[in-house]
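What follows is one structure encoded as structure tokens, with my remarks underneath.
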Protein chains: 2
Amino acid sequence: MALEQPTGKNDGQGSGRRNQNVPTPPPVSAATVTRMALYLRELQQLHRSGQVRIQSSVMAKRLGLNDSQVRRDLSCFGQFGQRGIGYSIPSLTKAIQAILGTDRSWNVVMIGAGNLGRALAGYRGFNQQNFRLAGIFDSDPEKVGTVLGALTIRSLQDLESVVESEKVDLAILAVPANSATLVAQRLEVAGVTGILNFAPVTVRTPGSGLTVVDVDLAVELQRLAFAVINQKNS
Amino acid sequence: MALEQPTGKNDGQGSGRRNQNVPTPPPVSAATVTRMALYLRELQQLHRSGQVRIQSSVMAKRLGLNDSQVRRDLSCFGQFGQRGIGYSIPSLTKAIQAILGTDRSWNVVMIGAGNLGRALAGYRGFNQQNFRLAGIFDSDPEKVGTVLGALTIRSLQDLESVVESEKVDLAILAVPANSATLVAQRLEVAGVTGILNFAPVTVRTPGSGLTVVDVDLAVELQRLAFAVINQKNS
DNA sequence: ATATGTGAAAAGTTTCACAGCC
DNA sequence: GGCTGTGAAACTTTTCACATAT
């Protein structure tokens with residue numbers, strides 16, 4: 001795992017009957033979801049290089065996976081391939097985007113305009129995947145009013161009103177550890193449904209419908225250090 | 001799971017006999033390693049708040065895990081607790097640091113001084129966990145020579161000589177996707193043993209002793225979008 | 001001939017439950 | 001009483017292997 005991030009379990013959706021043609025997901029593991037995003041990334045790269053078809057074995061090799069796993073992951077969501085042929089890159093791309101929800105645009109706010117927040121706000125990859133930055137906030141009066149790319153840094157006081165007026169879905173939390181929980185609570189109350197948390201704390205998810213994905217850069221380096229020390233390769 | 005970065009498998013070390021008092025690791029999953037880093041983070045926070053002891057049940061609740069899992073993870077590396085009492089925060093902290101390899105300092109170079117590279121270079125969390133930034137590189141002549149915190153951005157041409165003279169162990173790759181593989185190869189040849197890869201590509205790990213941990217910010221947002229759409233909470 | 005989709009087996013991970021020690 | 005460490009059970013995920021389709 002990269003996992004892994006804090007593991008996090010199965011979906012357990014198991015809601016019984018599938019409805020007519022919506023690809024209602026069966027139980028899908030978080031690991032599968034992560035791999036779906038990687039398949040999408042590879043498909044987009046293959047598309048740029050002019051390819052139109054791919055086989056599970058080729059995808060598997062590119063990502064260092066077993067080909068059966070690629071097919072099993074995809075089969076959680078439907079039948080996208082053609083036997084004897086493989087998968088059409090354009091249609092599989094669209095299918096995975098629909099599965100991940102990136103076939104529509106998401107409005108995102110960035111909280112924290114420190115080093116990390118400013119860098120992430122400028123990161124091209126977000127826009128490319130249909131995430132639109134609708135605002136960036138900081139509590140430091142010195143930063144408020146500063147222009148950053150197409151946006152002006154706003155006061156944290158404006159958070160709730162912007163979340164409402166811009167119909168914000170998701171937030172990226174790039175604030176210090178000690179303010180993360182409080183900001184997360186405000187975000188939840190304001191109606192944000194998902195947080196990508198870069199603060200090195202476990203954001204208490206109070207109960208209802210708030211989903212948190214954690215990315216702790218120090219944790220990633222520690223994973224790397226461990227892996228280096230305990231080398232897999234002889 | 002929040003899963004996960006490209007999963008990455010078990011260690012499978014199973015090298016037979018354990019040697020005398022080195023805590024030679026038994027097979028340990030990547031998920032366990034990630035949780036070890038989270039335990040360390042919590043221990044450090046508890047220490048700052050003056051605590052000296054902790055129980056597996058308390059740690060589990062803080063991280064949203066099962067208490068048995070906490071004990072099982074720790075028991076992969078030794079017996080750190082006292083029955084009836086719990087774990088000493090200072091000694092468990094030291095033990096986990098030794099396990100993760102952060103009881104000694106690691107020399108790290110940053111490749112890429114774009115938005116993300118500059119932000120990561122300024123990130124406090126790295127130094128706090130014993131990762132020392134020994135250099136930052138970019139191929140853009142306009143950036144070379146620019147001062148960034150305590151460091152001056154250097155030309156990519158100097159990469160190999162700095163890796164050698166500064167005894168660099170790890171690299172953080174924050175370059176565009178199209179140059180990532182080439183830079184990774186140079187790093188490996190130069191003697192770097194681990195890469196934390198922020199470029200949105202699978203870095204081909206040519207064969208020998210190079211460990212790569214991937215962090216793709218777009219993938220993380222896609223995981224979040226999926227989780228929001230497929231809400232677990234009723 | 002080639003490659004998907006999927007039951008069934010294998011492998012891995014988490015949780016239970018309790019013996020053992022404080 | 002309280003809490004760890006760990007066998008064994010339960011559960012999840014991956015891989016195999018092959019029927020099925022082009």
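Chain A is the first sequence line, chain B the second, and so forth, proteins listed ahead of strands; every chain is numbered from 1.
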With sequence neighbours excluded, residues passing side chain to side chain donor-acceptor pair (under 3.5 Å) with Gln51(A) = none
ask   = For the base of dT13(C), is there a side-chain donor-acceptor partner from Arg72(B) under 3.5 Å away?
value = no
query = Mind checking what makes side chain to side chain contact (heavy atoms under 4.5 Å, CB included) contact with Gln97(B), not counting sequence neighbours?
reply = Leu40(B), Gln44(B), Thr93(B), Thr102(B), Asp103(B)
task = Grab the CG-C1' distance between Leu74(A) and dT14(D) for me, whole Å please.
result = 15 Å
message = Can a donor-acceptor pair be found, under 3.5 Å and without considering hydrogens, that links the side chain of Trp106(A) to the backbone of Gly101(A)?
response = yes
key: Residues from residues 84-91 of chain B lying under 4.0 Å of DNA chain D - heavy atoms   = Gly84(B), Ile85(B), Gly86(B), Tyr87(B)
ask   = What is the distance from CZ of Phe80(B) to P of dC22(C), rounded to the nearest Å?
value = 18 Å
inquiry  = Applying side chain to side chain donor-acceptor pair (under 3.5 Å), can you list everything that pairs with Asn107(A), at least two apart in sequence or on another chain?
reply    = Arg132(A)
task = To the nearest Å, give me how far apart CG (Leu63(A)) and P (dT14(D)) are.
result = 14 Å
note = For Tyr123(B), the ring-ring contact (aromatic ring centres under 6.0 Å, His included) test, sequence neighbours excluded, returns Phe126(B)
ask   = In whole Å, what is the span from the CG atom of Asp67(A) to the C1' atom of dT2(C)?
value = 13 Å
Residues 78-92 of chain B side chain polar contacts: donor-acceptor under 3.5 Å, at least two apart:
unit_1, atom_1, unit_2, atom_2, d
Ser88(B), OG, Ser91(B), N, 3.2
Ser88(B), OG, Ser91(B), OG, 2.7

remark   = For Tyr39(B), the side chain to side chain donor-acceptor pair (under 3.5 Å) test, sequence neighbours excluded, returns Asp73(B)
query = Could you state the CG-P distance from Leu92(B) to dC3(D), rounded to the nearest angstrom?
reply = 16 Å
query = Do any side-chain nitrogens or oxygens of Gln82(A) fall under 4.0 Å of OP1 or OP2 in dT2(C)?
reply = no
Sort me out a list of protein N/O and nucleotides 17-19 of chain D N/O pairs below 3.5 Å, or just none if empty.
unit_1, atom_1, unit_2, atom_2, d
dA17(D), N6, Arg71(A), NH2, 3.4

Show every donor-acceptor pair shorter than 3.5 Å between a side-chain atom in residues 193-203 of chain B and any protein atom, with sequence neighbours excluded, or say none if there are none.
unit_1, atom_1, unit_2, atom_2, d
Thr193(B), OG1, Asp169(B), O, 3.3
Asn197(B), OD1, Ala199(B), N, 2.9
Asn197(B), ND2, Ala199(B), O, 3.2
Asn197(B), ND2, Val201(B), O, 3.1
Asn197(B), ND2, Asp214(B), OD1, 2.8
Thr202(B), OG1, Arg41(A), NH2, 3.2
Thr202(B), OG1, Glu42(A), OE2, 3.2

note = Of the listed dG5(C), dC22(C), dT13(C), the closest approach to the Ser29(B) side chain comes from dT13(C)
key: Residue Arg35(A), side-chain atoms from C-beta onward, closest of dT14(C), dT14(D), dG5(C)   = dT14(D)
key: Test side chain to side chain donor-acceptor pair (under 3.5 Å) applied to Arg71(B) - qualifying residues, sequence neighbours left out   = Ser56(B), Asp67(B)
inquiry  = If I take atom CE from residue Met36(A) and atom CG from residue Leu43(A), how far apart are they, to the nearest 0.5 angstrom?
reply    = 9.0 Å
task = Check the distance between dT4(C)'s C1' and Phe77(A)'s CZ and give it to me in whole angstrom.
result = 17 Å
Partner residues of Arg124(B) under the salt bridge (charged side-chain N to carboxylate O under 4.0 Å, His left out) criterion, sequence neighbours left out = none
request  = Using atom CD of Gln69(A) as one end and atom P of dG12(C) as the other, report the distance to the nearest whole Å.
outcome  = 13 Å
message = Just to be sure I understand the geometry, which residues of residues 46-57 of chain B put a non-hydrogen atom under 4.0 Å away from DNA chain D?
response = Gln55(B), Ser56(B)
request  = Check for a donor-acceptor pair, side chain of Thr34(B) on one end and backbone N or O of Ala30(B) on the other, with a separation under 3.5 Å.
outcome  = yes
key: Atom-pair distance (CG on Asn66(A); P on dT6(C)), nearest Å   = 17 Å
